[in-house]
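Have a look at the structure below, then the notes.
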2 protein chains.
Amino acid sequence: MRIGELSARTGASRRSLRYYEQQGLLVSTRSSSGQRCYDEEHVRRVALIQVFLAAGMSSRTIAQLIPCMTRPSTDRARRALAAMDEERSRLSSAIDSLAAAREALDHLIDVNRKFLANVADDSAPDGPDRHSGLFPVGRPDAARAQQIALAAILRDPPGPGR
Amino acid sequence: MRIGELSARTGASRRSLRYYEQQGLLVSTRSSSGQRCYDEEHVRRVALIQVFLAAGMSSRTIAQLIPCMTRPSTDRARRALAAMDEERSRLSSAIDSLAAAREALDHLIDVNRKFLANVADDSAPDGPDRHSGLFPVGRPDAARAQQIALAAILRDPPGPGR
DNA sequence: CTAAACGCTGACATCGATGTCAAGGGCAAG
DNA sequence: CTTGCCCTTGACATCGATGTCAGCGTTTAG
């Protein structure tokens, strides 16, 4: 199969497929006229690459993880294993970050819902001006809920080392 | 407190703090000579921004979620709520992506471990050359495990619309 | 008063995956 | 042979958060 079909079957653009090859993630055989030829194996390979890329891995990292173009070697496997472990923990903490953000978002949603409900109850909910409150809320208990939410977020502070 | 202290307390660089302000995520009062002044509220605000940024939200999105610089308005709250719901589902699917990648990685780790174990058992494990096998493995059962793993990954195909 | 440390603005650089365009070659159907 | 579609390589553009530097003002400690 040529690049167009692989592209259609994987959803990766032709451009991306050539890029993957350039980065050493994919190897293609070439037809006599220089066109790339792929087989079923490549479809699966590309799918895996997409999974990893979607997870925010760099192509550099993926290239370490998937010794695709060379013969297996014990050395390579050992180094790959190390990279995999490292990457696994990176993924885990990324998941934690996302979960934390989602939780924070849930609190904001909650507070926002309460705010709207209060407005429905009472069209002039609070004092005139909350200059820079973290989230505009008309009720002290909502403000308190927000404080608790933030405390939960900040329990595990982001830390200076980005 | 001035920008240096806020930076030290949040771990965000001065550059980033100015950027947040420029993007409308942060409002500062200014001293008579034009220096930015912050209070405790801002520390929490920046922490929240960091949580969201770490989750891959764009500053544009965050600006929609946190109506920080204006007085609360019902309209704004409604629109923010819509954006929040959208963003929440984006976060959820991002978490799913990461989890899928981690699972795939776990399988690779497993296969790799088996490969190394085999090598230890038997220093010439398999045929001489597996030109483009998805993962270099010397045992048919490992190959089978890998197939199953990939099937699991591909159960929910990435789809053409990136 | 002076020097050091800090702050301000503005500009330019970076990284990585991808889009897009140009100029040309390959191949199949009419 | 021509037309149309697919392929090739190479180059340049993009986006967003951040780094970094320059040139200049402010604040603070000695």
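A note on names: the letters A, B, ... follow the listed sequences, proteins ahead of strands, and every chain is numbered from 1.
Atom P of nucleotide C/dT18 and atom CG of A/L26 are separated by 13 Å, given to the nearest angstrom. Here C/dC6 presents its P atom at 15 Å from CG of B/L17, a figure rounded to the nearest Å. Regarding A/R60, its CZ atom lies at a distance of 19 Å from the P atom of C/dT14, rounded to whole Å.
For the OP1/OP2 pair of C/dA17 and a distance below 4.0 Å, the side-chain nitrogens and oxygens of A/S59 include at least one atom meeting the criterion. Here B/S16 reaches the OP1 or OP2 of D/dT18: one of its side-chain N or O atoms lies under 4.0 Å away. Remark: A/Y20 is not in phosphate contact with C/dA17, judged by side-chain N or O atoms under 4.0 Å from OP1 or OP2.
Between B/E5 and B/R2, none of the side-chain N atoms (NZ, or NE/NH1/NH2) sits under 4.0 Å from a carboxylate O, so this pair counts as no salt bridge.
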Please enumerate all protein N or O atoms sitting under 3.5 Å from an N or O of nucleotides 26-30 of chain D, with distances to 0.1 Å.
from, atom 1, to, atom 2, distance (Å)
D/dT26, O3', B/S33, OG, 3.4
D/dT27, OP1, B/S33, OG, 3.0

Protein and nucleotides 9-11 of chain C: nitrogen or oxygen contacts under 3.5 angstrom:
from, atom 1, to, atom 2, distance (Å)
C/dT9, OP1, B/R30, NH2, 3.3
C/dT9, OP2, B/R36, NH1, 3.0
C/dT9, OP2, B/R36, NH2, 2.7

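Heavy-atom neighbours of A/Q23 CD from other residues, nucleotides or ligands within 6.0 Å: above the threshold of 12.
Comparing C/dC8, D/dA17, C/dA17 by their closest approach to the side chain of B/I3 singles out C/dC8. For B/Y19, taking side-chain heavy atoms from C-beta onward, the closest of the listed nucleotides D/dG16, C/dG7, D/dC7 is D/dG16.
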Evaluation steps, side-chain hydrogen bond (donor to acceptor under 3.5 Å, both in side chains), between B/S89 and B/S92: CA-CA 5 Å; B/S89 73; B/S92 291; over 6 Å; no
